[in-house]
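Counting convention: from 1, in listed order, for ligands and their atoms alike. By convention here, the first residue in the shown sequence is residue 1.
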Amino acid sequence: MQKTQTLVLINPWIYDFAAYDLWSKPLGLLSLAGYLRECGFAIKLIDCMDIHHPALGDNPNCKPPVRRKFGTGKFFREKLPTPQPLRNTDRSYSRYGMPLSLFRKILSTISEPACFLVTSLMTYWYPGVFEVIRILRETHPRVPILLGGIYARLCTQHAQEYSGATTVINEANLASITAILAQQDLPSPYKPSGFHPYPVFDLYNSIDYICLMTSSGCPYRCRYCASHFLSPAVTRRDPDQVFEELLYWHRTLGIRDFAFYDDALLVSSKTHIRLILEKVLKENLPVRFHTPNALHVREITGDIARLLKRAGFRTIRLGYETSDTSLHQRLDNKVSPGDFEQAVENLRTAGFSRQDIGAYILAGLPGQTVGSVAQTIENVARIGATPYLAEYSPIPHSDLWEAAVSSSEYDLEAEPLYHNNTLLPCWSPEKRDAFGQLKKRVIEIRRTHAKP
Ligand code: SF4
């Protein structure tokens with residue numbers, strides 16, 4: 001009988017100026033692990049961002065990070081020297097996640113696997129990915145390392161040249177991954193029939209929340225977004241199966257907080273999210289829902305707003321981006337005049353407070369003025385929602401990429417570290433200086449909205 005092959009899947013550290021756990025889990029990696037486990041591989045997971053790893057308790061230097069409501073909170077952090085290309089910023093740079101020594105210790109407890117699979121997220125977080133690969137190369141020089149995830153797909157050439165991985169996976173579909181595993185002389189895994197395995201959340205020692213994805217892709221094509229590149233087709237899971245998964249995590253792990261990772265959760269709601277939420281209501285489940293990936297403003301009808309409230313949505317984030325109509329016409333066509341006002345009114349009438357309703361506002365777009373952002377902040381507050389600034393990060397393969405490259409003083413094409421949104425890389429130094437005032441104003445409004 002053939003010996004079961006072990007695969008080690010790794011979610012690297014975040015290297016950045018700031019990081020916060022807003023229901024962030026490597027869902028793609030966990031889903032792939034679920035599939036591979038179903039294919040007959042033994043799976044080990046090392047999530048460098050896991051704040052509950054049992055080995056952390058043995059480390060006297062690890063003070064538990066501050067956690068906040070609904071499972072959100074801070075990560076462990078260790079200050080690092082700022083990489084040379086980012087030296088002009090006055091913010092301190094850190095490695096977020098478990099201490100490096102702990103990662104090595106966990107790795108040393110795992111006997112040599114058939115293969116390492118490393119994921120990647122933001123393009124400018126690649127130093128954490130490279131550090132993981134460097135350590136794997138040092139400790140397990142003969143084991144192949146496959147690198148996948150968003151950075152690998154958006155900056156494939158950079159990853160191939162500099163990451164040190166054996167193979168960079170630049171396609172999202174599972175077939176390509178199993179084909180690559182087969183190339184590594186691993187036994188050809190059998191395909192599980194018709195079963196969509198759950199992500200391996202059960203491999204965490206302890207978990208505060210679950211991330212759910214009920215659909216992939218987005219019917220919109222905002223010029224600053226690469227959703228059409230990363231998930232070209234819009235597909236939806238069977239609503240019954242989504243509900244079964246939700247129920248499974250609630251009953252087996254006692255999870256109450258669920259964060260939706262969909263790009264377009266409310267689109268075609270009658271045949272999708274409505275069916276899922278009606279089941280939640282019928283079962284009277286004591287769960288809370290959060291939408292860190294914004295909801296589409298246009299889809300918030302009175303009916304939908306009431307359903308969201310009754311089903312237990314607690315954190316609503318809207319993809320408003322700007323109150324500048326001409327900017328919407330040029331960049332996304334997803335909000336028309338009056339849409340945002342109507343959506344907020346529907347949510348407020350349904351019982352959401354202005355603190356519950358956050359509106360993402362993009363800042364730092366090529367050609368966008370500081371005044372336009374300031375105006376949007378005031379409009380959001382006046383209409384009855386809470387502003388959240390989202391600094392623009394230029395994304396390779398988005399429609400706006402070329403405009404971003406030509407408007408930036410940084411060499412965005414050569415160095416992904418320059419995609420870091422903290423730099424506001426497509427704004428001039430004068431506009432960047434003014435950004436501090438915008439942030440102050442947002443904090444002021446948020447404080448006012450937090451008062452009972
Ligand atoms: S920004 Fe949102 S609405 Fe626009 S294409 Fe991306 S996922 Fe879709």
Exercise. With no hydrogens and no angle check, do the side chains of Thr349 and Asn346 hold a donor and an acceptor under 3.5 Å apart?
Worked result: no
For this session: If you have a sec, work out which protein heavy atom is nearest atom 2 (Fe) of ligand 1 and how many Å separate them, to one decimal?
Result: Lys334 NZ, 4.0 Å
For this session: Give the residue, atom name and distance (to 0.1 Å) of the protein heavy atom nearest atom 3 (S) of ligand 1.
Result: His296 NE2, 2.9 Å
For this session: For Arg251, enumerate each residue passing the salt bridge (Lys or Arg N to Asp or Glu O under 4.0 Å) test, keeping only those at least two apart in sequence or located in another chain.
Result: Glu283
For this session: Please list, in chain and residue-number order, the protein N/O/S atoms closer than 2.8 Å to atom 6 (Fe) of ligand 1.
Result: Cys225 SG
Exercise. What pairs with Thr72 under side-chain hydrogen bond (donor to acceptor under 3.5 Å, both in side chains), at least two apart in sequence or on another chain?
Worked result: none
Exercise. Can you list the residues that meet the side-chain hydrogen bond (donor to acceptor under 3.5 Å, both in side chains) rule with Ser227, with sequence neighbours excluded?
Worked result: Asp263
Exercise. More than 12 foreign heavy atoms under 6.0 Å from CD of Glu161: is that the case here?
Worked result: yes
Exercise. Just wondering, more than 12 heavy atoms not from Arg447 lying within 6.0 Å of its CZ?
Worked result: no
Problem set entry | Step-by-step side-chain hydrogen bond (donor to acceptor under 3.5 Å, both in side chains) determination, Ser215 to His272 | CA-CA 9 Å; Ser215 63; His272 192 63; 4.9 Å; no
